[in-house]
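Positions are given from 1, in the same order as the sequence printed here.
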Amino acid sequence: AEQGDSDARPWTGYRPSPFRARQLACPIRTAAYTDAVARAVHSVKSTGDPTTVLDVSDFSLCAIAAARAGADHVASVEAAHDRGSDGGTALLAATVAQLGNACDDPDAFRILRARPDAVAAA
């Protein structure tokens, strides 16, 4: 959406919550996302095309799943600004998750600091 459009909603930033923590810790939810992303990556790879994945969410769950499924290039967009901070909490959590899942090749897996609405508008 262009600046000034009536449908544009301002991005309010990442706000940690117990609900979000429960979502990320739910093994059923995580398995469902991981399986769906792996099927998508394998489907594209079966055509011989390179697989490039962009995950526009905090904490890189789908990006890590894509990297572990063999995607050629993965980028995870992490919040650039939390309310009242520099966005470091989401970035740190994503980096720890990335390294903890052996997704440490900077040519294959990148964390991008950006506001999600800025990515959508680009």
Note to self: Is there a path of hydrophobic side-chain contacts, each under 4.5 Å between heavy atoms, that joins Val56 and Leu112?
What the structure shows: yes
Smallest separation among heavy atoms of [X] and [Y], with atom names:
{"X": "Ala69", "Y": "Ala38", "value": "CB-CA, 3.8 Å"}
{"X": "Val74", "Y": "Ala66", "value": "CG2-CB, 4.1 Å"}
{"X": "Cys62", "Y": "Tyr33", "value": "SG-CD2, 3.8 Å"}
{"X": "Asp72", "Y": "Pro50", "value": "OD2-CA, 3.1 Å"}
{"X": "Leu61", "Y": "Thr30", "value": "CD1-CG2, 3.8 Å"}
{"X": "Thr51", "Y": "Val41", "value": "CG2-O, 3.7 Å"}

Check: Quick one: NE2 on His42 to CZ on Arg39, what's the gap to the nearest 0.5 Å?
Finding: 11.0 Å
